[in-house]
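Below: one structure, written as structure tokens.
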Amino acid sequence: MTALSPTTPDDLAAPRGRGLWADAARRLRRDRSAMLCLGVILLYIGVAVGAAAFLGGWNESYDYARANEDPSWDFWLGTDNFGRSTFQELLLGAKVSLTVALLTNLIAVPLGIALGALAGYYGGVLDDLIVWLLATLAAVPEMIRLIALRFAFSTGPLFGFIDMSGVGGLCLALAVTSWIGTCRYVRAETMKIRQLDYVLAARAIGTSGPGILARHVLPNVVHIGIINFSLGMVGAIMAEVVLTYLGLGLTGQPSWGQMIAHSQAKVVVGQWRQLAAATTAIFFLVLALNILGDRLRDALDPRLKNA
Amino acid sequence: MPAFLIRRLLMALVTLASVMLLTFLLFGLTAGDVSAQFLPAQATRGQRQEWLRKHKLDLPLILNFNRQVTLTDRTSGRGDFIVQDEPGSSAASALGLEPGLTEGQGAAQVTRTLGSQGASWLDARSPLRAIAADRPWADRAIKGTPPRPAVTFTFHDGSRLTLDLSPLTARAGAATLAGGQATVGDLLALINNHPDNRGRLDAGVSGLSAAGAFNSQFFWHLRNTITFEGESFKYQLKLTDIIAERARYSLALTVPSLALGWLLAMTAASLVAYYRGGLVDRLGVLLCVVGMCVPILVYMIVGQSVTLELAPRAALGVTPWTNIYVPVAIAVAAGLGGAVRFYRTIMLNEVRQDYVRTALAKGAPLPHVLFAHVLKNCMLPILTSLVASVPFLILGSLVIEQFFGIPGLGSLVRTSVTDRDAPIMAAITFLTAAVYIVGLLVTDVLYALFDPRIRLR
């Protein structure tokens with residue numbers, strides 16, 4: 001054994017820098033407000049799961065003797081016209097908002113990334129087709145597009161046999177509306193990446209198209225999806241409220257949209273607690289998602305790193 | 001430049017056509033038979049057929065290759081003939097011939113078709129069931145005589161022809177159902193070979209024609225979309241009238257709120273950008289974010305209840321006319337947060353540019369740099385965002401209109417959703433898309449004209 005160890009190939013290699021993801025994770029971990037926001041979102045998800053598990057009987061818990069009560073130890077936020085606890089309704093409402101927000105983006109973001117990357121990488125007819133689809137959908141203003149889709153889905157079973165009136169149809173309508181932004185951005189980014197030297201090198205050594213897409217393109221566009229996921233959840237939560245008011249939301253289960261939408265008549269007679277409760281719940285969730293989205297953008301978008 | 005214009009125009013036309021396809025997919029194709037939702041529960045099959053025919057829903061979806069059994073008046077070659085059931089008979093309506101003249105039949109039409117839609121495989125060997133309704137041909141028994149399926153034709157020259165159709169029914173002479181073993185050929189022979197006919201009435205199976213092929217739901221949808229002449233399922237009004245009447249209210253709401261909102265947002269954004277990094281900036285951004293996190297419905301509910309406290313009569317409806325100020329103020333307030341933040345981002349991007357540093361270095365005062373140099377360069381992205389709000393000029397803010405009882409196009413959307421009125425929804429979707437597409441077209445052309453950095457390719 002000598003004191004000087006022989007030089008290994010590892011030492012000769014360039015010093016390992018942190019990758020984009022490790023770097024981003026480190027920045028996010030240090031960012032107190034981002035972690036706080038993440039904590040808030042996880043808390044909401046926990047509440048949604050917990051409420052769905054333990055408060056399932058709320059819908060039928062009528063108690064007319066205790067209708068329209070003020071807050072008390074039994075009912076922290078008072079009761080509604082049927083004597084049901086507003087606090088429990090608030091907790092249960094988290095389920096609809098979060099399900100809609102998560103499911104919508106689980107459809108929209110992968111769809112946007114996949115189509116955007118395909119269009120940007122392969123170009124040609126495929127690109128034309130996807131751009132045509134984008135342009136057509138984007139030509140209809142967002143709210144009208146949403147209403148039109150939801151209208152078509154809830155008219156009856158689609159083509160006579162696909163039932164789209166439930167939460168799946170709602171999320172699909174929202175997703176068809178919100179994938180466009182992700183797709184556009186990913187497509188533009190992919191077209192730039194396609195020209196880069198490492199992609200040319202990969203092509204030169206014979207890597208297949210799908211291989212390049214999976215190994216070299218996707219890792220470089222996924223951050224767009226992550227950022228848009230957070231911001232897309234905001235859009236879905238807000239849209240659920242408006243759609244519920246227009247009679248195109250989900251029925252039969254408590255949701256913040258319904259708590260707000262049904263408040264128009266109640267506020268007039270002084271019952272503002274449901275409105276205030278649902279608004280507050282939405283406010284903090286949306287605030288957390290907005291801030292997290294901004295922080296994710298700062299952490300993940302290399303071009304804004306030094307700005 | 002002309003080449004760019006033509007190319008851009010063609011693109012806009014393609015997008016418009018695609019939107020028409022989209023509205024057909026969403027409102028024409030998916031629904032299926034919706035007649036049950038618009039007719040009373042006790043409506044007969046005939047009434048349903050009539051409703052479907054009125055809204056062109058009985059036609060084939062894309063292309064019409066259907067053959068039909070036709071009756072042609074050979075006495076004049078012009079004008080229509082009248083069909084009437086003899087007493088006790090209902091054969092004419094069973095065959096899809098409405099008694100008397102139907103509306104909208106011009107003088108040129110000398111052919112009337114039997115059955116409602118026909119089918120591509122229809123020929124003389126087809127069973128009569130294919131074109132006749134499955135119900136009694138003669139059900140009103142007249143005192144003393146058995147019911148008899150018989151039809152009288154009155155031709156254009158005034159002569160008449162009475163046909164006894166009882167040989168075609170399953171049990172001759174009785175009040176029986178159509179069908180049995182009779183074929184379309186039997187009906188044609190009965191009419192053409194009738195001793196009284198003498199060539200006046202010609203029955204046959206129509207061939208295929210190019211014009212007939214476009215008589216389908218899809219092409220009617222295209223036509224109605226372009227002309228806005230589709231008919232509401234619910235109301236007897238024409239779409240053009242409905243839109244013209246309601247657009248006034250929407251414009252009264254949206255024009256002031258867009259203009260006011262833009263002015264306020266620009267002022268606030270300039271201010272925030274002017275004090276960038278300072279207390280005003282941070283406070284402004286915080287207020288914007290807080291404003292953006294509150295659902296728009298909450299603004300309305302709170303705004304309305306406050307108005308109810310202060311001036312109860314101003315909280316709902318459009319009489320008196322000044323009530324419009326309340327929703328305008330709420331629309332401005334609800335949109336302010338997002339707009340200020342958006343304009344601030346644009347302005348800050350511009351503030352970092354080299355020309356700003358140069359201008360400041362040569363001693364130009366900051367306000368002058370901000371408002372004369374920066375604002376000018378911010379105009380392009382700001383204009384783009386303004387174009388995006390152009391469709392809502394017509395449409396109005398649909399939630400706010402519904403909320404404050406303003407009878408504009410926005411509340412029409414809500415009503416149509418409740419009524420499941422697909423033609424109106426299709427028309428509104430197309431209208432807003434068309435306005436948006438035209439807006440984008442105009443912006444692109446203006447950009448190309450005024451911004452030398454944009455090359456016309």
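Numbered from 1 within each chain, the chains take letters A, B, ... in sequence-line order.
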Original post:
When you look at A:Val234 and B:Met292, which way does the side chain to side chain contact (heavy atoms under 4.5 Å, CB included) test go after all the steps?
Top reply: CA-CA 10 Å; A:Val234 175; B:Met292 281 166 66; over 6 Å; no
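Only the backbone of A:Ala138 comes within contact range of chain B, with at least one heavy atom under 4.5 Å from a heavy atom of that chain. Contact of A:Trp272 with chain B is not made at all, since no heavy-atom distance falls under 4.5 Å.
Chain B forms more heavy-atom pairs under 4.5 Å with one residue of A:Leu275, A:Leu137, A:Ile291 than with any other, namely A:Leu275. Note on B:Val294, B:Leu16, B:Leu308: by heavy-atom pairs under 4.5 Å with chain A, the leading option is B:Val294.
Going from atom OG1 of A:Thr136 over to atom CD1 of B:Ile437 covers 8.0 Å, rounded to the nearest 0.5 Å. Atoms CE and OG1, from A:Met143 and B:Thr432 in turn, are 12.0 Å apart once rounded to the nearest 0.5 Å.
The nearest pair of heavy atoms linking A:Ala148 to B:Phe27 is CB-CZ, 3.5 Å. For the residue pair B:Val417 and A:Leu246, the shortest heavy atom distance occurs at CG1-O, 3.9 Å.
Taking 4.5 Å as the limit, every side-chain heavy atom of A:Ile282 sits out of range of all side-chain heavy atoms of B:Cys293. Between B:Thr15 and A:Trp132, the closest side-chain pair of non-hydrogen atoms is not below 4.5 Å.
Put simply, the side chain of B:Arg420 gets close to the backbone of A:Phe151: a donor and an acceptor are under 3.5 Å apart. Within the 3.5 Å criterion, the main-chain N or O of A:Tyr245 finds a donor-acceptor partner in the side chain of B:Arg414.
Here the options are B:Val298, B:Val399, B:Leu297, B:Ile296, the test is side chain to side chain contact (heavy atoms under 4.5 Å, CB included), and the partner is A:Val241; only B:Leu297 passes.
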